[in-house]
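Notes follow once the structure below has been shown.
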Amino acid sequence: MKVDELSSQKIFGGWHRRLHHRSETLACEMVFAVYLPPQFDCGEKLPVLYWLSGLTCTDENFMQKSGVQRLAAELGMIIVAPDTSPRGDDVPDDPEGGWDFGLGAGFYVDATQSPWSAHYRMHDYVVNELPDLIDARFPNSGRRGISGHSMGGHGALVCALRNPGRYQSVSAFAPICHPTHAPWGQKAFGHLLGADPRTWLDWDASVLIGLAQEHLPILIDQGEADQFLAAQLKPETLSMAAERANYPLTLRMQPGYDHSYYFIATFIDDHLQHHAAALKG
């Protein structure tokens with residue numbers, strides 16, 4: 001697969017790179033970012049953490065605002081941040097002109113409905129095509145973790161729960177925990193998956209956690225001052241489902257913190273350590 005480098009900057013002894021390729025899964029051009037810690041240049045086979053961002057974001061938000069590279073360099077961890085949706089003139093956008101669906105808001109599912117199904121297959125892209133590309137271009141240990149924020153937190157949970165054995169660690173910041181009962185999820189799933197809510201359940205972490213074949217410990221941080229907490233995120237639903245299924249989930253409610261990258265930057269080191277314990281141990 002042909003991959004073009006768009007930019008490269010040195011940071012904490014490693015390299016932040018933005019790359020461009022043609023995605024067969026999404027039938028469009030895609031950009032993603034990779035942080036290669038200094039150990040990579042020494043030939044070490046390092047684990048990979050995939051980060052899925054939230055609504056309206058690209059690969060740049062997390063890489064520029066989270067400060068993830070400092071500890072990733074110390075731990076020897078490759079970080080990969082894809083875009084949040086397919087892009088391009090031929091890719092359909094929200095017919096209502098909103099910001100919470102369409103370009104920048106792919107919801108990390110595989111669409112079944114026209115016209116979305118031709119491009120909106122972000123789950124397949126994140127789980128299969130992008131890791132295959134990373135493994136071919138950046139030799140690594142073969143051990144993977146996945147994390148994300150908001151819509152991307154939903155994506156990280158669903159990717160891990162639907163694909164046992166694919167990841168060795170999972171975490172999330174302020175994830176959309178019960179999208180079938182949240183306005184953002186209902187809008188996106190209605191377009192991408194169709195009008196029958198029963199077809200949405202396969203993409204709802206609060207449902208999937210009770211069916212999980214593998215019990216990877218989940219770490220979730222959620223700000224108590226998050227403006228989307230009650231209507232959109234619903235962490236208590238996931239927590240109750242995990243308790244019923246005896247699934248190992250740690251939900252940390254953080255007083256005073258909102259939905260922003262100030263919140264993510266504050267607790268990102270804890271999440272990297274959570275992943276490192278599984279990926280490097």
Side-chain angles (χ1 to χ4, degrees), residues 12 14 16 32-37 39-40 44-54 57 59 61-63 66-84 108 122-135 137-175 177 205 208-209 212-222 238 242 247-252 264-265 267-281:
F12 293 110
H16 169 261
F32 65 94
V34 157
Y35 176 66
L36 300 172
Q39 298 90 332
F40 180 82
E44 290 189 36
K45 295 293 192 293
L46 307 174
V48 183
L49 176 63
Y50 289 84
W51 172 271
L52 308 183
S53 289
C57 292
D59 63 284
N61 297 75
F62 178 68
M63 290 301 208
S66 70
V68 68
Q69 296 91 344
R70 182 191 61 79
L71 187 55
E74 293 181 20
L75 293 172
M77 188 179 296
I78 298 170
I79 310 293
V80 177
D83 203 345
T84 52
Y108 304 103
M122 285 297 295
H123 182 82
D124 190 8
Y125 177 73
V126 166
V127 172
N128 296 305
E129 185 180 17
L130 184 59
D132 286 349
L133 187 157
I134 294 296
D135 292 350
R137 187 176 179 91
F138 304 106
N140 59 77
S141 70
R143 297 182 66 79
R144 303 183 188 95
I146 192 163
S147 186
H149 172 231
S150 193
M151 177 187 73
H154 141 76
L157 295 174
V158 168
C159 285
L161 291 168
R162 283 176 59 101
N163 298 277
R166 188 67 167 160
Y167 303 96
Q168 284 70 55
S169 60
V170 58
S171 75
F173 287 83
C177 292
L208 293 172
I209 203 165
Q213 301 174 30
E214 179 182 49
H215 283 199
L216 292 180
I218 296 174
L219 172 63
I220 293 177
D221 274 304
Q222 172 63 62
L238 182 66
Y247 193 106
L249 182 148
T250 301
L251 171 62
R252 307 193 308 186
I264 294 171
F267 299 104
I268 190 63
D269 283 6
D270 291 352
H271 284 246
L272 285 187
Q273 295 286 7
H274 167 81
H275 289 278
L279 296 176
K280 298 175 72 68

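Here the closest non-hydrogen pair linking I79 and M63 is O-CE, 3.6 Å. Between Q39 and L75, the closest heavy-atom pair is NE2-C, 4.2 Å. Among all heavy-atom pairs drawn from P47 and G76, the shortest one is CD-O, 3.5 Å. Closest approach of G148 and A156 over heavy atoms only: N-CB, 3.9 Å. Considering all non-hydrogen atoms of both residues, R166 and V127 come closest at NH2-O, 2.6 Å. Nearest heavy atom pair, residue H149 against residue A174, reads CD2-CB, 4.2 Å.
In this pair, H271 and F173 present their aromatic rings parallel. The plane angle is below 30°, not in the 30 to 60° band.
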Identify all side-chain donor-acceptor contacts of residues 158-165 below 3.5 Å with residues at least two apart in sequence or on another chain.
| residue | atom | partner | partner atom | Å |
| --- | --- | --- | --- | --- |
| R162 | NH1 | D202 | O | 2.9 |
| N163 | ND2 | H123 | NE2 | 3.3 |
| N163 | ND2 | C159 | O | 2.8 |

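Rounded to the nearest 0.5 Å, atoms CE (M151) and CG (L52) are 8.5 Å apart. Between L219 atom CG and H274 atom NE2 the span is 5.5 Å, to the nearest 0.5 Å. Distance CG/L251 to CD1/I220: 6.0 Å, rounded to 0.5 Å. To the nearest 0.5 Å, atom CG of residue L130 and atom OH of residue Y50 are 5.5 Å apart. With rounding to the nearest 0.5 Å, the separation of CG in L272 from CD in Q69 is 10.0 Å. Atom CG in L46 sits 5.0 Å away from atom CD1 in I78 (nearest 0.5 Å).
Paired with N140 under the rule side-chain contact (heavy atoms from CB on, under 4.5 Å), one option of V80, I134, L36 passes, and it is I134.
Proximity of Y35 to V68: side-chain heavy atoms (C-beta onward) are nowhere separated by under 4.5 Å. Proximity of Y125 to Y108: side-chain heavy atoms (C-beta onward) are nowhere separated by under 4.5 Å. Two residues are said to be in side-chain contact when any heavy atoms from C-beta on lie closer than 4.5 Å; L157 and L208 fail this criterion. Contact check for F32 versus D83: no side-chain heavy atoms found under the 4.5 Å cut-off. For the pair D124/E129, no side-chain contact is recorded, criterion being any heavy-atom separation below 4.5 Å from C-beta on.
With hydrogens and angles ignored, the 3.5 Å screen pairs no side-chain donor or acceptor of S150 with any backbone N or O of G152. K45 contributes no side-chain N or O that, together with a main-chain N or O of P139, makes up a donor-acceptor pair within less than 3.5 Å. S147 places no side-chain N or O within donor-acceptor distance of the main-chain N or O of W51, the cut-off being under 3.5 Å.
Listed by first and then second residue, the salt bridge (charged side-chain N to carboxylate O under 4.0 Å, His left out) pairs involving residues 137-157 are D135-R144 (not counting sequence neighbours). The salt bridge (charged side-chain N to carboxylate O under 4.0 Å, His left out) contacts involving residues 70-81 comprise R70-E74, R70-D269, where partners must be two or more places apart or lie in separate chains.
Counting only N and O atoms by type, the side chains of S171 and H275 include a donor and acceptor under 3.5 Å apart.
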Might you work through the side chain to side chain contact (heavy atoms under 4.5 Å, CB included) test for L71 and M77, ending with a clear yes or no?
CA-CA 9 Å; L71 187 55; M77 188 179 296; over 6 Å; no
What do the steps show when you test L249 against I209 for side chain to side chain contact (heavy atoms under 4.5 Å, CB included), and what is the final call?
CA-CA 10 Å; L249 182 148; I209 203 165; 4.1 Å; yes
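Between Y247 and H215, the ring centre distance stays below 6.0 Å.
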